[in-house]
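One structure is given here, and the rest of the page talks about it.
Any value given below was found using the heavy atoms of this structure, including those in side chains, with hydrogens, waters and symmetry copies removed. Letters go in sequence order (proteins before strands), and every chain restarts at 1.
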Protein chains: 2
Amino acid sequence: MPKPTFFNLPEEKRNLIFHHALLEFAQFPYEQASLSAIVNRAAIAKGSMYQYFADKRDLYKYLVQEVYQKKREFLQPVWDQKEKINFFELASQYYQRSWHFARQFPLHHQVTVNFWDSRDAAIREEILHKKEIRITEFSDMLELGLQSGVVSPEVDKDAVWFVYHAVAKALIDNFLDPDINAESHEAYINSVLTVLERGLRPRKEQ
Amino acid sequence: MPKPTFFNLPEEKRNLIFHHALLEFAQFPYEQASLSAIVNRAAIAKGSMYQYFADKRDLYKYLVQEVYQKKREFLQPVWDQKEKINFFELASQYYQRSWHFARQFPLHHQVTVNFWDSRDAAIREEILHKKEIRITEFSDMLELGLQSGVVSPEVDKDAVWFVYHAVAKALIDNFLDPDINAESHEAYINSVLTVLERGLRPRKEQ
DNA sequence: CCCCCATGTGACCACCCGGTCACATTAGTG
DNA sequence: CACTAATGTGACCGGGTGGTCACATGGGGG
């Protein structure tokens with residue numbers, strides 16, 4: 001919801017603003033991010049910013065929307081395989097590709113991480129909305145897993161969603177941990193997913 | 001590390017200050033919490049606060065320390081059973097009792113939740129310290145589970161820690177969700193733990 | 001050339017923050 | 001009572017914030 005003026009801008013200037021907003025909101029959550037800092041670093045007059053966006057929240061919402069748009073496109077190839085591979089392979093590929101997204105676009109990634117911690121009431125609504133979308137997508141995946149028999153029919157679906165969501169968030173929060181290099185991180189994701197797949201109880205078979 | 005003056009205060013006044021600090025830091029994470037708001041609501045002069053504590057962070061560290069002290073005492077009965085019951089029962093009791101803590105002391109609980117989101121550099125050190133303590137405690141528990149045979153020796157211990165920590169944090173963050181009543185919440189915790197225990201793959205036995 | 005309108009600007013506003021300090025108040029002691 | 005030391009106080013400071021507004025700038029068309 002930027003004002004029309006923003007879209008009349010030459011692309012270069014739009015990118016400049018977007019980039020510096022990205023830098024700021026990647027470093028700080030919404031409440032602590034400073035609009036003054038953004039305009040100073042972008043060498044834009046504060047008043048100009050208010051020609052483009054209604055207020056700080058307007059800018060933030062636009063930024064988050066664009067960031068998630070990019071992430072969704074990045075993950076699309078994984079979703080396209082939904083019917084071809086099983087639940088566990090799909091989950092693995094999903095997190096592996098999310099990790100590559102974080103590597104390639106660390107600022108975008110950090111914005112998504114900070115987004116979930118926001119306390120602003122209006123933004124929390126957006127968060128709940130995004131959460132619902134995830135639940136639906138995950139339920140679809142899980143349903144396919146149940147039908148093909150790779151997922152046990154005994155599990156409590158809500159509990160499974162809860163566990164996967166919790167683990168996904170923790171994985172994503174740690175994607176940029178500098179102590180972990182590429183190879184071991186991919187292995188690590190798979191170790192974690194194996195725990196979810198097989199459980200802690202010993203299995204008699206195999 | 002409050003100043004000696006603080007401990008010379010009559011207990012009533014100490015409790016007053018503690019209570020209003022609790023209210024503020026339960027509502028906001030460290031950076032967004034307002035010292036001015038605390039002193040105003042407690043009807044204390046701002047200058048007085050600086051007779052008791054070196055600065056905002058000093059007050060916060062003291063508060064967090066007291067809160068975790070209370071929580072540790074509350075959970076002690078569970079740890080005392082460490083040798084008597086198995087890994088999965090212990091985990092269940094641990095989260096059940098954590099949930100009762102959140103119910104009985106919602107402000108204390110909320111302070112612990114906000115604590116983990118803090119970005120202040122000095123406070124992040126405390127966070128890492130608390131995290132190490134948790135890792136050690138959990139490793140001990142898991143080791144007992146392995147020795148007694150209720151936990152599969154094939155699992156990657158680091159991955160198990162990661163999963164349990166992630167799920168614990170998510171459970172705790174949702175403890176005060178008003179949509180969930182007492183009975184169903186206890187059942188919910190057990191459903192989630194069952195997913196971790198048995199995994200998603202169907203089991204041939206049983 | 002001038003007029004118009006979209007765009008750019010930065011001083012300025014009210015408000016809030018954490019922290020300080022000169023001074024007032026109180027309580028205990030001889 | 002007086003003297004001392006501890007404690008209480010709130011106006012004040014410098015610095016930050018999101019947001020505004022009267023005005024400057026510039027480029028295209030009559």
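- Relative orientation of the A:Phe115 and A:Tyr68 rings is perpendicular, given thresholds of 30° and 60° on the angle between their planes.
- The distance from atom CD1 of B:Ile44 to atom P of D:dT7 is 14 Å, rounded to the nearest whole Å.
- If you take CG of B:Asp58 and C1' of C:dG19, they are 14 Å apart, rounded to a whole angstrom.
- The nearest whole Å value for the distance from the CG atom in B:Leu59 to the P atom in C:dG19 is 10 Å.
- B:Asp58 places none of its side-chain heavy atoms less than 4.5 Å from the side chain of B:Tyr62.
- When the P atom of C:dC16 is taken as reference, atom CZ of B:Arg41 falls 13 Å away, rounded to whole Å.
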Restricting both atoms to N or O, compile the protein contacts to nucleotides 20-24 of chain C shorter than 3.5 Å, with distance only.
none

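- The local environment of NZ in A:Lys130 is crowded, with over 12 non-hydrogen atoms from other residues, nucleotides or ligands closer than 6.0 Å.
- No more than 12 heavy atoms of other residues, nucleotides or ligands shown are found within 6.0 angstrom of CD on A:Glu12.
- Look at CD1 on A:Ile38: it is 8 Å from P on D:dG18, rounded to the nearest Å.
- Side chains of B:Glu186 and B:Asn190: a donor-acceptor N/O pair is absent below 3.5 angstrom, by distance only.
- The number of heavy atoms from other shown groups lying within 6.0 Å of CD (B:Glu11) does not exceed 12.
- Residue A:Ser36 has no polar side-chain atom (N or O) positioned under 4.0 Å from OP1 or OP2 of D:dG16.
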For this session: Mind running salt bridge (Lys or Arg N to Asp or Glu O under 4.0 Å) on A:Arg119 and A:Glu31 for me, showing each step along the way?
Result: CA-CA 8 Å; A:Arg119 309 188 141 252; A:Glu31 288 83 358; over 6 Å; no
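- Counting only N and O atoms by type, the side chains of A:Glu89 and A:Gln93 include no donor and acceptor under 3.5 Å apart.
- Taking the six-membered ring where the residue is Trp, the centroids of A:Tyr94 and A:Tyr164 are separated by 6.0 Å or more.
- The interatomic distance linking A:Lys56 (NZ) with D:dT20 (P) rounds to 14 Å, in whole Å.
- Taking a 4.0 Å limit (strictly below) on heavy-atom distances, residues 1-35 of chain A reaches DNA chain D at A:Ala33, A:Ser34, A:Leu35.
- Counting non-hydrogen atoms under 4.0 angstrom, B:Phe53 reaches nothing in the nucleic acid.
- Between the CG atom of A:Asp55 and the P atom of D:dT17 there is a distance of 17 Å, given to the nearest Å.
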